[in-house]
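Have a look at the structure below, then the notes.
Chain letters run A, B, ... following the sequence lines, proteins first, then strands; residues in each count from 1.
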Amino acid sequence: MCGDLRPLQEGEQVVLMGWVNRRRDHGSLIFLDLRDRSGITQVVLDKELSPEAHAKAESARPEYVVACTGTVRLRDASLINPKMDTGAIEIVASEILLLNDAKTPPFSPAEDAIGNEEVRLKYRYLDLRRVEMQKNFRIRHEVARAIRNYLSDNGFLEIETPFMTRSTPEGARDYLVPSRVHAGHFYALPQSPQIFKQILMVSGFDKYFQIARCFRDEDLRADRQPEFTQIDLEMTFPQQGLIFKTVEGFLKAAFKAAGIELEPPFVQMTYDDAIRKYGIDKPDMRLPAMVELTETLTPELREKLRIEPALPVLGFIIPSVGALSGTERKKLLSEVRAGFGDCGLDLLDTERLKTSPDFAPLAGTIAELLAVGAEDLSVVVTPKLGTPPMWNYDPQWIYKRVGQLRLDLAKKYADKHGLFTQTGTAADYKFLWVTDFPMYEWDEEKKVWNAAHHPFTSPHEEDIKTGKLVNDKGAVRALAYDIVLNGTELGSGSIRIHRKDVQAEIFRSLGMSDEEAKERFGFFLDALEYGTPPHGGIALGLDRIVMILAGASSLREVIAFPKTAKAIDLMVDAPTPVSDIQLRDLHLKVNTRT
RNA sequence: GGGGACGUAGCUCAGUUGGUUAGAGCGCUGCCCUGUCACGGCAGAGGUCGCGGGUUCGAGCCCCGUCGUCCCCGCCA
């Protein structure tokens, strides 16, 4: 292959096949860089040595496919190209075959930096020829293979579940598949194999996994595609810790395959702590946590500063930002205030902290609590009295809003603190387990409690016993957990409900009548009655893992044929209208008025 | 559904206050070149300024609408 030859092969007769990466024509001497997925080798065509081959090479152009016969030759010391793996040798061609020509491509796969996303996606086959993309898909393959091997070696059985299944109105919108045989009936593509894998536990496959495609018809983001791949697993008789250990095991194997040595176990943190310290349920642990300063400020000072007593005073630092100019600080402050909806929040940076007569006496203490270094930007947020409706005296609102500010500033000054820069070591990857998620989520619009994870999640035993399920839904903790990497949610899972009575109670608590539950999940409730073992599991986004490992900022970089933000495939041009005949077969009428 | 950025040559982009024939780099085509590796030199081709409408003597530039790509919020059990 084009990337394989080394000085050791000197003198050998070889045949190389690949694409013309670049052609350098010196008249009676032509250099062709031949590329395949293994790398690039320089081929020399000398008019004196092989006039026929040289003549053919004159008409070769970038992306032509050629086969070239020749001899491996060591380059003179002065001609070695240290930038190329094969830079110490070259092929002296005796014969060359132009296997196929190529139109001039809209962009060159030989270039590193490519801009226009639209052109890349339309000519995806050219984009995928680029070294960067080839690298990403090699990582993806190695990671998937390592995970499959690890789970197989640890007693997990890979079992496929249907793509055409039953629509479940909970959660994300379903992609629907109309049935030809049953007029007006639809299959749905799975949002996840959730119910099937639980039924596999009932069936006695005590350790299941699947690298499974999932489909969700929701608006997209850089880290969300309508179809994506999950590493889905489930096991019987698990403690939460056993699932963590399993995931840590396969992630260690996966990262090792990508050249990174992780050291599990990963840090664990409850949901409540995550909100309090980071203001978000998926903390980016590469950055320092927020610190609650409420008690540091004396009651007198808080009163003087008109700080709302029901709300926390929070501080945090962004490291190594350096000195801010007066204008920059002013601009920052006004931006931040605007971002807080002008609701009376005050914000102090390091400079104001030291110079403000109110805070100066405390500056030392605060600096110590926040561990402020000389070049760090420190921020203290003091919620003022006078309550605009948006925060509604809710401390969570403050935690989350300040957490968002922490992330925004960290992003803004990423170049300065460099904490997001990859160094190629395990230190780049800060994993975290977030545990004890709330069981329920209040839907303010519909005025109902929803399942925060999904309705098959088991609540904490003691929260059932203390009656919170009925009296205090907001305080019920679920045996649900997320795994987070560098502020990205990689996956989530839970210990499931394995008893029919508990499951029925949860359905009821979600405002679902017994009849309704039976209609939607009757088959599942039935299954629970036939000796269901305790079970639990988790699902991790393979695409996101690979994205982070590849240092990419969008899933499109690690999915071969991704869709745009409007869920369009620009290469095959999907979706499209279909013929009236197709529609008739499916008993469908399209109403284009909306 | 909402907010923001962008859209000018194949690609990346510049284009002043609205004013003559819309430019650059890369790429492309032709010619020259025996040591290049982002080769070099000379010459040349290449434009529905996303699309539609409006204002104006005159629009790449101003206004309205629309389409597309990207990012964010909502949404994603």
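If you take atom P in B/G35 and the same atom in B/G41, they sit 15 Å apart, rounded to whole Å.
Looking at A/Arg73, its side chain comes within 3.5 Å of the base of B/G35 through a donor and an acceptor atom. Applying the 3.5 Å distance criterion, the base of B/C33 shares a donor-acceptor pair with the side chain of A/Asp25. For B/G50, its base never sits under 3.5 Å from the side chain of A/Glu118 at any donor and acceptor pair.
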Below 3.5 Å between N/O atoms, which protein atoms pair up with nucleotides 73-76 of chain B? Just atom names and distances, please.
{"unit_1": "B/C73", "atom_1": "OP2", "unit_2": "A/Arg221", "atom_2": "NE", "d": "2.9"}
{"unit_1": "B/G74", "atom_1": "N7", "unit_2": "A/Arg221", "atom_2": "NH2", "d": "2.8"}
{"unit_1": "B/G74", "atom_1": "O6", "unit_2": "A/Arg221", "atom_2": "NH1", "d": "3.0"}
{"unit_1": "B/G74", "atom_1": "O6", "unit_2": "A/Arg221", "atom_2": "NH2", "d": "3.4"}
{"unit_1": "B/G74", "atom_1": "N1", "unit_2": "A/Asp219", "atom_2": "OD2", "d": "2.6"}
{"unit_1": "B/G74", "atom_1": "N2", "unit_2": "A/Asp219", "atom_2": "OD2", "d": "3.2"}
{"unit_1": "B/C75", "atom_1": "O2'", "unit_2": "A/Glu218", "atom_2": "OE1", "d": "2.6"}
{"unit_1": "B/C75", "atom_1": "O2", "unit_2": "A/Arg224", "atom_2": "NH2", "d": "3.1"}
{"unit_1": "B/C75", "atom_1": "N3", "unit_2": "A/Arg224", "atom_2": "NH1", "d": "3.1"}
{"unit_1": "B/C75", "atom_1": "N3", "unit_2": "A/Arg224", "atom_2": "NH2", "d": "2.8"}
{"unit_1": "B/C75", "atom_1": "N4", "unit_2": "A/Arg221", "atom_2": "NH2", "d": "3.3"}
{"unit_1": "B/C75", "atom_1": "N4", "unit_2": "A/Arg224", "atom_2": "NH1", "d": "3.1"}
{"unit_1": "B/C76", "atom_1": "O2", "unit_2": "A/Arg224", "atom_2": "NE", "d": "3.4"}
{"unit_1": "B/C76", "atom_1": "O2", "unit_2": "A/Arg224", "atom_2": "NH1", "d": "3.2"}
{"unit_1": "B/C76", "atom_1": "N3", "unit_2": "A/Arg224", "atom_2": "NH1", "d": "3.1"}

Protein and nucleotides 11-15 of chain B: nitrogen or oxygen contacts under 3.5 angstrom:
{"unit_1": "B/C11", "atom_1": "O4'", "unit_2": "A/Pro106", "atom_2": "O", "d": "3.3"}
{"unit_1": "B/U12", "atom_1": "OP1", "unit_2": "A/Asn116", "atom_2": "N", "d": "2.9"}

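Of the nucleotides present, B/G4 is the one that pairs with B/C70 by Watson-Crick or G-U wobble criteria, both distances under 3.5 Å. When both pairing distances are held under 3.5 Å, B/A43 makes a Watson-Crick or G-U pair with B/U29. Here B/A24 sits opposite B/U12 as a Watson-Crick or G-U wobble pair (both hydrogen-bonding atom distances under 3.5 Å). Base pairing analysis places B/C37 opposite nothing; no Watson-Crick or G-U wobble pair with both distances below 3.5 Å involves it. Both distances falling under 3.5 Å, in either a Watson-Crick or a G-U wobble arrangement, occur for no nucleotide opposite B/G60. B/G65 and B/C51 make up a base pair, with Watson-Crick or G-U wobble contacts both under 3.5 Å.
A distance cut-off of 5.5 Å between ring centres, combined with a plane angle under 30°, places A/His26 in a stacking arrangement with the base of B/C39.
At a threshold of 4.0 angstrom between heavy atoms, the contacts of A/Lys566 are confined to the sugar-phosphate backbone, with no base atom among them. Counting any heavy atom pair closer than 4.0 Å across all strands shown, A/Ala452 reaches sugar-phosphate atoms only and no base atom. Residue-level contact check: A/Glu489 touches neither bases nor backbone, having no heavy atom under 4.0 Å from any strand. Contact annotation for A/Arg120: no contact, since no heavy-atom pair falls under 4.0 Å across all strands.
The pair A/Asp482-A/Lys282 does not count as a salt bridge, with every side-chain nitrogen at least 4.0 angstrom from each carboxylate oxygen. A salt bridge is defined here as a Lys NZ or Arg NE, NH1 or NH2 lying under 4.0 Å from an Asp or Glu carboxylate O, and A/Glu132 with A/Lys135 meets this definition.
Contact of the A/Asp284 side chain with the A/Tyr278 side chain is not registered, since no non-hydrogen atoms from C-beta on lie closer than 4.5 Å. Two residues are said to be in side-chain contact when any heavy atoms from C-beta on lie closer than 4.5 Å; A/Glu63 and A/Pro109 meet this criterion. Under the 4.5 Å side-chain criterion, counting only non-hydrogen atoms from C-beta, A/Arg73 is not in contact with A/Ile89.
With sequence neighbours left out, the ring pair (Phe, Tyr, Trp, His ring centres under 6.0 Å) criterion links A/Tyr271 to A/Phe437.
Remark on RNA chain B: of its neighbouring residues A/Thr564 and A/Arg75, the 5'-side contact belongs to A/Arg75, judged by nearest-heavy-atom nucleotide.
Crowding of A/Arg499 atom CZ: a count of heavy atoms from other residues, nucleotides or ligands under 6.0 Å not exceeding 12.
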